[in-house]
Structures are given as structure tokens and as C-alpha cells.
Colleague: 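Sharing a structure, written as C-alpha cells. Questions coming.
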Amino acid sequence: MPSAETTFLEAIRQALQRLLRERSDVVMFGQDIGAFGGAFKVTAGLQKEFGADRVFDTPISESAILGAALGMATMGLRPVVEMQFSDFATTALHQLLNNAGTLHYRTGVAAPLVVRAPCGGGFAGGPFHSEELEAFFCHMPGLKVVYPAFPADARALLLAAALDPNPVVFLENKYLYRHVKEWLPAVWSPTTLGTARVCRPGSDAVVLTYGAMVHEALRAAELVHAEDGGEVMVLDLRSLKPLDTDSILAAVAATNRVLIVHEGWHTGGFGAEIAALVAERAFHLLDAPIWRLTAPDCPVPFAQELEKAYRPNAEKIRDALLELLEH
Amino acid sequence: MPSAETTFLEAIRQALQRLLRERSDVVMFGQDIGAFGGAFKVTAGLQKEFGADRVFDTPISESAILGAALGMATMGLRPVVEMQFSDFATTALHQLLNNAGTLHYRTGVAAPLVVRAPCGGGFAGGPFHSEELEAFFCHMPGLKVVYPAFPADARALLLAAALDPNPVVFLENKYLYRHVKEWLPAVWSPTTLGTARVCRPGSDAVVLTYGAMVHEALRAAELVHAEDGGEVMVLDLRSLKPLDTDSILAAVAATNRVLIVHEGWHTGGFGAEIAALVAERAFHLLDAPIWRLTAPDCPVPFAQELEKAYRPNAEKIRDALLELLEH
Amino acid sequence: MNPQTDISKEAALALLRVMLLARRIEERLIRLYHQGRIFGGVYCGFGQEAIGTATTAVSSADDLFAPCIRDMTVHLGRGTPPRDIFRQFLGRANGPTRGRDGNIHYGELHRGVFAFISHLGAMLPVVTGGVMARRRLGRPAVGFAYIGDGGTSTGDFHEAVNFAAVFDVPVIFVVENNQFAYSTPNAHQFRCRSLVDRAVGYGIQGVTADGNDVLGLHATVGALVAEIREKPRPVLLVCETMRMRGHGEHDDGSYVPRELLETWAKRCPLLVAREQLIAAGIATAAELDALDAAVQAEVNEAYQQALSDPLPNPATLMEGVYAVG
Amino acid sequence: MNPQTDISKEAALALLRVMLLARRIEERLIRLYHQGRIFGGVYCGFGQEAIGTATTAVSSADDLFAPCIRDMTVHLGRGTPPRDIFRQFLGRANGPTRGRDGNIHYGELHRGVFAFISHLGAMLPVVTGGVMARRRLGRPAVGFAYIGDGGTSTGDFHEAVNFAAVFDVPVIFVVENNQFAYSTPNAHQFRCRSLVDRAVGYGIQGVTADGNDVLGLHATVGALVAEIREKPRPVLLVCETMRMRGHGEHDDGSYVPRELLETWAKRCPLLVAREQLIAAGIATAAELDALDAAVQAEVNEAYQQALSDPLPNPATLMEGVYAVG
Ligand SMILES: Cc1ncc(C[n+]2csc(CCOP(=O)(O)OP(=O)(O)O)c2C)c(N)n1
Ligand SMILES: Cc1ncc(C[n+]2csc(CCOP(=O)(O)OP(=O)(O)O)c2C)c(N)n1
Ligand SMILES: [Mg+2]
Ligand SMILES: [Mg+2]
């Protein structure tokens with residue numbers, strides 16, 4: 001029975017639902033995620049189906065949410081908590097960096113918890129509802145960081161994240177929630193964290209990217225192909241920590257030209273880590289400098305005209321690729 | 001009248017003292033910085049000299065400290081606040097990222113404030129008193145980040161930081177406080193933020209580094225020279241944001257081999273940004289891959305045996321340089 | 001003595017005018033939002049207009065304000081023209097944030113108003129520090145920091161109030177208890193009988209007020225401000241009120257019990273003020289209707305003017321990230 | 001009825017034993033520190049031994065603890081052997097944190113004790129969540145979360161207490177008011193009369209206790225725990241006490257008024273307990289001296305044994321950053 005296409009948001013909800021159904025150790029909490037279903041309705045219906053003791057609302061206390069999740073995780077539960085917007089996690093990063101991220105190293109106690117963090121811009125959210133904070137999360141020892149781009153991946157990676165014995169930050173690009181759909185199989189299993197995926201083959205250059213920018217890169221690759229026949233590979237990293245270095249290096253070997261694209265700030269963005277990795281491990285394979293196309297170093301602006309200039313998109317990626325292919 | 005050598009710590013105190021003397025708009029506050037003189041005694045004597053209304057203690061409330069400093073800065077004062085350890089700033093990064101860092105962009109109001117943050121390890125401080133967080137601070141739009149390695153620079157850069165119209169994070173490597181001394185001139189003026197300094201010339205390779213690692217790199221360069229005659233340049237970045245890209249590119253042009261060294265974590269460390277910059281802008285000048293020598297991705301361990309393995313030092317840098325020179 | 005109506009006609013009408021302005025502007029914004037002509041969100045202060053109105057009315061030029069989500073009347077009370085508010089919501093290049101930030105995230109420091117950042121509680125220490133600075137510089141400022149019932153659960157709320165208490169900073173922490181934080185009712189946000197019970201834990205005065213009675217608030221807050229301007233110390237002022245729309249215009253607020261809304265609708269601050277003024281013989285119904293009509297016309301004109309204001313030039317994207325000088 | 005001395009001889013001696021163990025261990029640690037044989041810091045609980053002792057004594061196997069800086073008696077009360085404490089301070093490979101963390105930053109979860117992280121307040125929500133989880137899993141746990149007077153100024157303190165209150169989590173938030181936070185006295189930390197005044201603002205019970213009277217605490221906390229184990233809800237327990245040494249051993253604490261220390265020295269919890277036990281006829285001076293001698297011998301032996309324990313192998317640096325499985 002082929003089902004209709006499923007949105008990115010609905011795919012995440014399916015993973016949450018499955019977790020609640022199959023694992024009695026899973027609990028979910030956060031601001032307004034209960035009866036209301038969350039600011040984006042990702043948890044819609046879950047409290048009704050599983051009860052208010054498994055899916056519940058909290059006060060506006062990010063540090064308490066993350067700290068309590070850590071405590072629960074050490075006691076045999078698998079909390080999956082939501083930050084209403086990832087931006088607000090910045091009020092409590094010490095709970096992730098210092099408390100959750102170091103626990104196993106210090107004490108040998110595992111902390112299987114997932115922090116779901118809606119992120120990213122493109123919808124006039126302004127400086128405080130659009131941030132891309134993966135660079136912060138990836139710099140924290142002991143955390144894993146997952147950033148899917150497709151519904152099927154989101155569903156399968158969220159399952160894997162929740163079954164992982166470590167704290168995992170699961171980044172949900174809000175732009176994808178309702179913009180991206182695909183047909184999803186009825187039978188599915190977790191995807192191993194730390195595996196990238198070639199979304200489009202190519203031999204002339206590779207775009208290393210993740211999240212919403214995967215879709216922009218795919219469109220850009222089409223544009224490049226239409227314009228001058230170039231074959232651009234698009235590698236969706238899917239998981240940033242662990243990072244699939246093998247796939248990255250293979251992609252560089254196959255293309256010799258690298259463009260890194262992300263929606264976060266330039267300086268110290270996660271793209272810098274990818275570039276540094278390539279510059280260290282695949283230097284001899286490069287025919288051109290490693291380029292990054294990112295948001296500039298400014299707060300995410302509100303007005304559409306400004307945000308359009310701020311955010312990378314297919315056209316900007318195409319332009320960069322055309323130039324890179326000439327290099 | 002030639003004075004004795006001055007420690008890094010005392011140099012910072014001189015800058016604070018001069019600021020309080022010459023600028024009635026400067027105020028200082030933080031935990032225990034008043035009569036007690038701060039956890040490291042950097043502010044010793046200042047409350048006595050300038051009074052408790054200019055140098056004062058606060059409750060243990062990092063967010064209130066940073067937020068209040070921002071409010072004061074908008075009203076014509078120049079607050080210079082202390083985080084007792086930079087590690088504790090992680091309880092309130094939203095005040096820097098979202099509030100201080102975006103204020104001028106959003107409203108055109110300047111926020112001249114300095115956050116002094118003692119950082120770094122090497123003295124059995126363990127995971128929560130040794131952190132290197134420059135990668136976080138540098139990723140925040142609207143902030144400047146200064147990280148001196150020598151007493152004279154610390155003194156002159158702190159003056160510049162306090163006179164800058166923007167929020168500046170001033171990182172004080174605790175290892176340097178009492179380990180590093182030099183003769184300081186009686187007459188001195190601010191050093192422009194964003195200027196690196198060649199601490200040692202060389203033509204075979206360059207170490208791009210900052211903070212305590214500058215001293216390790218200098219020793220390593222000596223060791224390399226003694227062992228095989230190689231001439232290694234050491235570039236002290238001094239300011240990470242703004243970053244002196246011209247000096248970095250010139251150093252790469254002069255040496256063609258790059259080793260980046262820092263004490264912070266590897267993945268997404270500030271070294272990645274430097275590597276990415278070089279890989280993009282100086283690719284054609286490179287004779288070898290760009291290497292990073294950093295702390296590994298684990299919490300800063302307490303035991304000396306472990307911390308020694310964790311922290312980069314002159315010997316590890318020498319080994320890396322010898323290998324790089326062969327490449 | 002009736003402090004509520006112990007007010008000049010002029011002052012009373014000025015209060016009503018600010019509330020009417022806010023209501024009429026928000027009505028327009030709501031329409032624009034549902035017409036798809038405003039991007040991002042629209043968050044309204046329907047039902048809470050009295051609070052910003054009364055608190056700004058008793059303030060002085062040097063005072064500092066940190067308004068929160070629903071405090072358009074703080075901006076209006078401090079003199080922001082309606083046109084600038086439309087510019088802000090429409091993302092115009094000459095609005096208060098020049099299109100760099102949107103909707104409720106604005107403030108004009110030359111009017112003593114800090115621009116709100118979304119992180120609830122984060123502005124509370126900022127206004128506290130601002131007042132400390134002004135006083136050091138010889139200006140006897142008082143601060144007004146607004147926070148929702150939900151916002152009181154943030155660590156920042158606690159740190160800021162304690163900080164102000166320790167340093168005897170004259171800030172009125174105005175808790176607008178509108179019963180809900182997004183979909184979350186008081187019962188899931190705190191367990192104390194009333195948020196005013198927090199005051200004693202900071203060693204400061206706590207005052208509860210009817211947040212929908214602008215004249216009553218005017219009297220209460222006026223007295224408080226006079227006191228703390230002289231004898232500096234913070235106060236926790238809890239205003240009981242009700243959010244009369246969804247959290248934002250994207251939210252129908254259907255989780256709010258209907259009866260609750262109906263009860264509070266009768267306590268609409270505009271209605272309450274109107275009835276008080278008429279009953280006290282301060283103004284006639286006809287006068288108030290005329291005021292409303294004038295306000296409506298002013299709002300219409302401001303909106304039309306804002307429509308002709310320029311959108312930001314994308315080439316200016318990077319301007320102003322850093323201050324220069 | 002005298003609740004203080006309404007205790008069996010065995011139980012009373014067990015309390016004294018834990019306090020003596022902590023004191024003798026810390027005395028040794030202090031000497032080691034000043035001999036340069038301990039790297040990093042040493043932070044002592046001199047004068048505060050009664051609090052961890054009494055609270056653990058009334059606890060059950062399932063209960064959870066988040067000790068803070070000066071709570072060695074929590075560890076000892078929950079069964080951590082002295083040898084493991086020396087291993088921790090000496091950074092041995094087989095200590096509680098295997099040399100990965102040092103001094104007071106340890107805890108053994110199989111004894112219900114979370115390892116402290118330095119960020120004050122950060123452990124409070126952790127123990128709250130831990131208790132929620134245990135109770136969900138059918139174990140009637142109660143939590144004990146310790147925090148200093150200074151630590152109450154953190155946002156985390158506020159968020160955690162409010163969170164526990166909203167969810168009726170039975171956690172005793174034990175404020176150890178030892179009058180100073182590093183060099184900062186209460187007067188620069190908060191303005192309330194007593195920190196117990198914070199309780200009402202969370203809608204929870206607040207209790208003040210003499211933090212230096214282990215028998216009194218034992219009775220008070222025993223009753224509290226019994227109550228909240230049955231009828232789950234948090235409690236704020238403020239123990240008045242005094243830090244009898246510097247903040248750490250690097251600090252001579254010379255900013256503390258001498259008379260204050262002298263007054264409190266007479267209220268040393270070991271002394272108080274000794275006098276109470278003798279006065280109530282529960283034990284003789286000779287018995288207590290013998291206990292102390294036995295404790296001292298045990299501590300000496302534990303230290304000697306720990307000296308022979310292995311240092312971490314640098315090759316294991318990266319082991320355990322991630323859990324596998
Ligand atoms: C620190 C933080 N966490 C979460 C949010 C998301 N958020 C925005 S408004 C809101 C509810 C606010 O409720 P309240 O403080 O009562 O104000 P009201 O909307 O009722 O005026 C939430 C949870 C935020 N803005 N800041
Ligand atoms: C969030 C945070 N800020 C600052 C510090 C640095 N610090 C460590 S202990 C201390 C004083 C603690 O005082 P208190 O809570 O009263 O505990 P006590 O030392 O008196 O037992 C400070 C400021 C910290 N550990 N955590
Ligand atoms: Mg509310
Ligand atoms: Mg204390």
C-alpha cells in the first residue's frame with residue numbers, strides 16, 4: 001500500500017511516536033510540547049496517545065530541562081527533549097558542554113538523551129529564532145550532532161539518536177519541516193550515526209553540506225549542469241559528529257574540487273572544520289582552493305531583502321560552483 | 001629607570017589600573033574582584049585605590065553580570081567585568097551571543113564592554129577550570145576576541161579592548177599569569193586590535209598560534225633549529241577576531257608550510273578557521289598539507305599524566321614540525 | 001479619596017489615548033498578518049494595554065524600560081510614533097531596527113527603551129545595569145522591566161532581581177501575569193500562590209495590582225516610583241491580567257477556556273477605563289468616541305505613510321555589525 | 001521528648017564516625033596540599049560535617065544525592081570508602097573518576113551520588129530529573145541537592161527549585177549557608193532576611209535548621225524525608241553554618257572576621273555532638289576518644305593504600321569520552 005508523501009516534520013513525528021510505542025524508557029518534555037503539540041506541532045497528538053506522564057510541558061527553564069533530562073538519562077530513561085528554538089539553548093549550554101558532555105568520561109555513566117533543536121532561518125524569524133548553532137554543539141566533547149536533510153533520514157536518524165547511549169543534539173531545520181516531502185517506506189530501521197550520503201553523483205566538484213542547504217545544493221547542481229554540463233556531486237553529511245571522513249575524502253578524491261556550504265556564520269562555522277579536515281587529509285587531491293559559502297558574520301536579519309542576501313541559496317551556490325569549476 | 005621584569009598578571013593589573021585612573025567611565029565588577037582582588041589576584045588593590053563603587057563584587061550570577069555590563073555600556077560607561085573562570089561564562093552565553101553581540105546591528109547603539117575570562121589548563125584544574133572557549137566566542141557576530149601571549153601585549157591590548165566601542169572578550173591564559181615575565185616600558189599605548197606579531201622569523205615553516213602555545217611554539221622552534229637547522233617562524237595572532245589575515249597570508253607566503261597550534265579542542269576549534277582561511281586564500285602557496293596540533297576532543301583531564309598527554313607542548317610541536325619539514 | 005479617579009482630565013485622556021493607539025495599531029497588524037502582508041510573527045497585547053500605559057505615564061525622561069512581548073503601550077507611552085511601529089513590523093529601512101529585527105523586537109534608547117531580545121529574562125539585568133549606570137552619572141533614573149508569568153521561570157529573572165536587590169537598584173520588575181505562557185497555564189509554570197510571593201525571597205517589596213485598571217495602576221505605580229526614586233530599591237509588581245488573543249497571530253489560542261476569556265473580556269482595560277472616566281464625570285461617552293475616531297485616523301495615516309517607507313537595501317546587509325569609533 | 005537525643009547509641013556513634021572520618025581525611029588532605037603532594041585544589045568542609053552526615057543517615061538505598069563543594073560527609077555517609085576519596089584527590093586510575101576529574105568533583109552513582117560539576121547550581125536539575133526517573137521506574141526515591149549561599153544566586157538554583165515544585169518532585173534542597181561565598185559575605189549575595197524566605201516564592205515548605213547540630217538535623221530531616229517520601233514535594237532546608245577554613249587551601253580566608261570564626265569554633269559540629277552524647281549519657285568521653293583513634297587509624301591506612309594505587313596511563317586519555325553500546 002503506497003502511502004502519500006510525508007513531510008520532514010511528519011517524519012520526525014513518526015520517529016517520536018515509534019519511540020514512545022516501542023520503548024517504555026522514552027519520555028519527552030519541553031515547552032508546550034504536550035497537548036499543544038509544540039511550537040511547530042512536531043509532537044502533535046503524542047500526549048493524547050501516550051499520556052501526560054510520558055509527554056509533558058515544562059516551565060520556561062532551559063537549564064532545568066537539559067539538567068533534568070541528564071538526570072533521567074542516568075537512571076535508565078531515554079529522554080527526548082525539545083528546545084522550542086535552538087536559539088534558546090544558548091541560555092544553558094553549560095548543561096550540554098560541561099554536564100552531559102563530560103559525564104561518561106568522568107564517571108563512566110552513560111547519558112542517552114536527545115535534544116531536539118529546531119534551527120535555521122529563511123522565514124523572517126529574525127536574529128533570535130533563526131540561529132544555526134551546530135558549530136557550538138560540534139565543538140563540545142562527548143556530544144553527537146545529527147543534522148538531517150530528508151524526511152527518511154530524519155526519521156531513521158532520530159531513532160538512532162534516541163537509541164544511542166550518548167547525548168545527541170538533533171538539529172531540525174525549520175525550513176525543511178513543511179517544505180520537503182518524500183515517500184517513506186512502512187518498514188524502517190535506524191540509520192547509523194556518522195554516515196554521509198551521496199545525494200547526487202558527480203566528478204567535477206563536490207558540495208559538502210547538510211540540512212536545508214542540501215536542497216539548495218541539489219538545485220544548484222542542476223543549474224550548473226544545465227548551464228555548462230558540469231557534473232557536481234552533492235554529499236549530505238547527515239551527521240556532523242561523528243563525521244563521515246571516509247566519505248568526505250572519497251568525494252574529494254572523485255572530484256578534486258570542494259565547495260562547503262552551510263547556513264551558519266562563517267567564522268568558526270562547522271564548514272571551517274570540514275575545510276581543515278580536507279586541507280590536512282586530502283591536500284594532494286585538490287585542484288583548487290577549498291571554498292566555503294556560508295552566512296556572513298552578522299546576526300540573522302529579519303527583513304526579507306536582507307535575509308535573502310544573508311542566506312546561501314541555489315543561485316549563490318551555482319555562481320560559486322561555476323567559478324570553482326573554472327579555477 | 002629600568003624596572004624589574006613584569007609578570008603577565010601584573011601587566012594586566014597595570015592596564016586595569018590605568019583605565020581606572022584615566023577614564024572615569026570605567027567600572028569593574030565580578031565575583032570576589034573587590035577587596036579580595038579576584039581568584040587570581042589580578043584586581044588586587046584596585047578597590048582600595050578606586051573605591052567600592054568602581055570596583056565591586058557581585059553575586060554568583062554570570063548572566064546578571066554580563067547583562068548588567070551591557071546595560072551600563074549603553075549608558076556611557078565602559079564596564080570591564082571578570083568571569084572567575086571562562087568556563088562559567090557558559091552559563092550565560094546568550095548574553096554575549098544574542099544580547100551584546102547583536103545590539104549595535106539591531107539598534108545602532110554601541111556596547112563598549114570587556115569580558116575578562118581566565119582560561120586554559122596545565123595546572124590540574126580539571127574539566128571545569130581549564131576550558132579554552134575561544135572557538136565559541138569567535139563564532140559570535142559582533143564580538144571581538146583578544147588573546148595575548150606576552151605581558152606587554154596583554155597590557156596594551158587590554159587598553160585597546162576597553163577603548164573599543166564593541167564588546168570584547170579578553171582571554172587571559174592562566175598558565176601565563178605567573179610563568180611569563182618581561183621588561184615593560186614605562187610609557188605605553190594601546191595596540192590596535194587585529195594585528196598579529198612575528199615572534200620569531202623563519203622561512204621553512206610557520207606556526208600560527210596564540211596564548212600559552214606561543215611560548216611552547218617558540219621553544220619548539222628552538223628545538224627544531226638545534227636538531228636540524230630548520231628555521232621556523234612563529235606568528236602570535238594576539239587577536240582572533242578581528243584576525244590579521246594579511247600577516248597570516250604573508251607568513252604562509254614566506255614559509256609554504258603551516259602548523260596551527262592551540263590548546264582548545266580539535267573539532268571546530270579556532271584552528272579550523274585558520275586552516276580554512278589558508279586553504280581558501282593561500283592554497284597555491286602551500287608545499288604541504290595544513291596541519292593542526294590541538295587538544296584532542298575530550299574534557300580537560302585532571303591527573304597530571306593525562307593532562308600532559310592532553311595538552312600540546314614544545315615537544316609535541318617539535319615532533320610535528322620535524323615531520324612537516326620532511327613533507 | 002479615590003486614587004483611581006484623582007487624576008486630571010488631560011492625564012486621563014492621555015492614558016486612554018495610548019491604550020487606544022495600541023489597540024488600533026494591533027488590529028491593523030492582525031489584519032495585515034492574516035492577509036499575508038506581514039512576514040514573521042505578530043504578537044499582540046490585547047487586554048494588557050493598561051500596564052505599559054500606566055507605567056510609562058508615571059515615568060520621567062531619564063527612566064529606562066525593558067518592554068517584553070506585549071508591551072506596545074510602553075513604546076507608545078515613551079513617544080514612539082505609530083509610523084515607526086508600522087515600519088518595524090513591515091521591516092522598513094527607516095524603522096527602529098532598520099529591518100534588522102522584526103515585530104516586537106524594537107526599542108529606542110533615546111526614549112529610554114531597550115530593544116527586546118527573545119530570550120525571556122535576558123533584558124532584566126540589562127535594564128538593571130542601565131539604571132546603575134545612569135545613577136552613577138547623576139541621573140536619578142528608575143527602571144521598568146517587564147516579564148511574563150512564563151518568563152519568571154528563567155534563571156535570568158532570578159539573577160536579575162537578586163542582583164538589583166543586592167545593589168539597591170530602583171527597578172520595578174513588572175510581572176504581567178496573563179495566565180498563560182504560550183499554551184502553558186500558571187499551574188504548570190509555578191506552584192506559589194501568587195508570583196508576588198517571590199518578593200520576600202529577594203528581600204524586596206512585593207505589590208499586586210489589577211493589571212486591567214489603568215487608573216488604579218497609575219496611582220499605585222506613581223506612588224511606588226516616587227518612593228524608590230528617593231529611596232532606591234527594587235520592587236516586584238505583579239499585575240494580574242489576561243492574554244486575550246493567541247500567543248501570536250499564528251495561534252488560535254483554542255486551549256484557553258472560553259469562559260475565562262469571556263470573564264476577562266468584561267474587564268478589558270479600554271472598557272474599564274472608559275466606564276471609570278464616564279462614571280467619574282471626567283469625560284463623556286461622546287468625547288471618548290471622538291478620541292477613538294481621532295486615534296483610528298492617526299493609525300490609518302501612520303500605516304499609509306509607513307507603506308511608502310523604503311525597504312532595506314540588501315547591499316547594506318553587513319553595515320553596523322560592529323560599532324566604529 | 002528530646003528529639004535530638006532520641007536516637008540509639010549505634011546510630012549516634014555512626015553519625016559521629018562519619019563526621020570524624022571526614023575531618024581526619026581533610027586534615028590529611030590539607031597537609032598533603034601544603035606539602036605540594038596534591039595537585040589542583042583542596043576544598044574542605046570543616047565545620048559543615050553535620051549536614052551531609054545527618055541527611056545521608058536518614059536516606060534510603062534508592063535516594064539520590066547531588067553533593068556540592070564541602071560535602072565529603074555525603075560521600076562517606078553513602079558508603080564511599082576513605083581509600084577512594086584519597087584516590088580521587090591523588091588522581092589515581094582506580095579512583096571514582098579515574099583521574100579524569102579531581103578533588104571534590106566525584107560521585108558514585110551506584111551509591112546514589114552524582115559527581116559534582118563546578119558550575120554552581122547545575123546539578124540541582126540533574127538530581128531532580130533523577131528522582132523523577134526513579135519514581136517513574138517504581139523506586140520511591142527522595143533527592144538531596146546541596147547548594148551554598150553563593151550558589152543560590154545562580155539561575156540554575158531558581159530553575160531547578162521551581163521545576164521540582166511544579167512537578168512535585170521530592171527533593172530536599174539543602175542550602176548550606178556558611179556565611180561566605182569565596183570572599184563574598186551574605187550581605188553582598190542576597191537581601192532577604194534568610195534564604196528560607198525563598199521557599200514561599202516556589203510554593204514549597206521552607207525549614208531552617210542549625211547546620212552544626214547533627215542530632216537535631218537527624219531528627220528534623222528524618223521527619224521531612226518521611227513526609228515527602230509519602231507526599232512528594234520539594235522542601236527548602238536552610239542550614240545555618242560556618243565555613244571554618246579558607247575557600248580552598250590556597251586561601252587563608254583572612255577576610256573573615258576573627259571573632260566570627262571564634263564564635264563558630266565553639267559550635268564545631270564534632271564538638272557539639274560529642275557534648276550532646278556525653279550529656280545524654282549515650283556515650284562516654286573514653287568511648288568517643290576510642291572511636292576517634294580508630295577512625296584516625298582507618299584514615300591513615302586508607303591513605304597509605306591509596307599511595308600504592310596506580311596513576312592513570314596516558315595512553316588511556318581518550319577512553320570513555322563516548323559510551324559504547
Ligand atoms: C529563554 C526562552 N525560552 C523559550 C522561549 C520561547 N517562548 C517565547 S514566548 C514564550 C511564552 C512566554 O510566556 P510569558 O512569559 O508568560 O509571556 P506572554 O507570552 O504570556 O506575554 C516562550 C516559551 C523564549 N522566548 N525564551
Ligand atoms: C556558575 C559558577 N560561577 C562561579 C563559580 C566560581 N566559584 C566556585 S566556588 C564559589 C563560591 C561558592 O560559594 P557558596 O555557594 O556559598 O559555597 P561555599 O564555597 O561557601 O561552600 C565560586 C564563586 C562557580 N563554581 N560556578
Ligand atoms: Mg504569560
Ligand atoms: Mg558559602
Side-chain angles (χ1 to χ4, degrees), chain C residues 119-125 128 147-171 173 175 177 181 184-208 228 231-236 238, chain D residues 119-125 128 147-171 173 175 177 181 184-208 228 231-236 238:
Chain C
H119 298 64
L120 295 169
M123 296 309 299
L124 272 41
T128 302
I147 187 82
D149 43 293
T152 63
S153 300
T154 60
D156 279 7
F157 169 81
H158 174 71
E159 293 196 2
V161 179
N162 184 58
F163 198 90
V166 164
F167 294 110
D168 290 324
V169 190
V171 175
F173 292 96
V175 176
N177 181 9
T184 304
N186 281 186
H188 292 168
Q189 195 71 242
F190 53 82
R191 266 280 181 285
C192 48
R193 200 181 34 83
S194 158
L195 285 167
V196 81
D197 294 343
R198 296 257 164 100
V200 61
Y202 300 109
I204 66 175
Q205 188 183 353
V207 178
T208 308
I228 68 174
K231 189 176 171 314
R233 54 184 165 72
V235 174
L236 186 69
V238 177
Chain D
H119 298 64
L120 295 169
M123 297 308 299
L124 272 43
T128 302
I147 187 82
D149 43 293
T152 64
S153 300
T154 61
D156 278 8
F157 168 81
H158 174 70
E159 293 196 2
V161 179
N162 184 57
F163 198 89
V166 163
F167 293 110
D168 289 324
V169 190
V171 174
F173 292 95
V175 176
N177 182 9
T184 305
N186 281 186
H188 292 168
Q189 195 71 242
F190 53 83
R191 265 281 181 284
C192 48
R193 201 182 33 83
S194 157
L195 285 168
V196 80
D197 294 344
R198 298 258 164 100
V200 61
Y202 300 109
I204 66 175
Q205 187 183 356
V207 177
T208 308
I228 68 174
K231 189 175 172 315
R233 54 185 164 71
V235 173
L236 187 69
V238 177

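In this text, all values refer to a predicted model and were calculated from it rather than measured experimentally. Convention: sequence-line order gives letters A, B, ...; per-chain numbering from 1.
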Colleague: Within this structure, what is the CG-CZ distance for the pair D:Asp156 and D:Phe163, rounded to the nearest 0.5 Å?
Modeller: 12.0 Å

Colleague: Run through C:His158, C:His188, C:Gln189 and flag the one making a side chain to side chain donor-acceptor pair (under 3.5 Å) with C:Ser153.
Modeller: C:Gln189

Colleague: Indicate whether the side chain of D:Arg191 and that of D:Asn186 have a donor and an acceptor atom separated by less than 3.5 Å.
Modeller: no

Colleague: Sort D:Thr152 into side chain, backbone, both or neither according to what part of it lies under 4.5 angstrom from a heavy atom of chain C.
Modeller: backbone

Colleague: Which bit of D:Phe157 comes within less than 4.5 Å of chain C, counting heavy atoms only: side chain, backbone, both or neither?
Modeller: side chain

Colleague: In terms of heavy-atom pairs under 4.5 Å with chain C, which of D:Phe167, D:Tyr202, D:Phe190 leads?
Modeller: D:Tyr202

Colleague: Under 4.0 Å between a side-chain nitrogen and a carboxylate oxygen: does that hold for C:Asp168 and C:Lys231?
Modeller: no

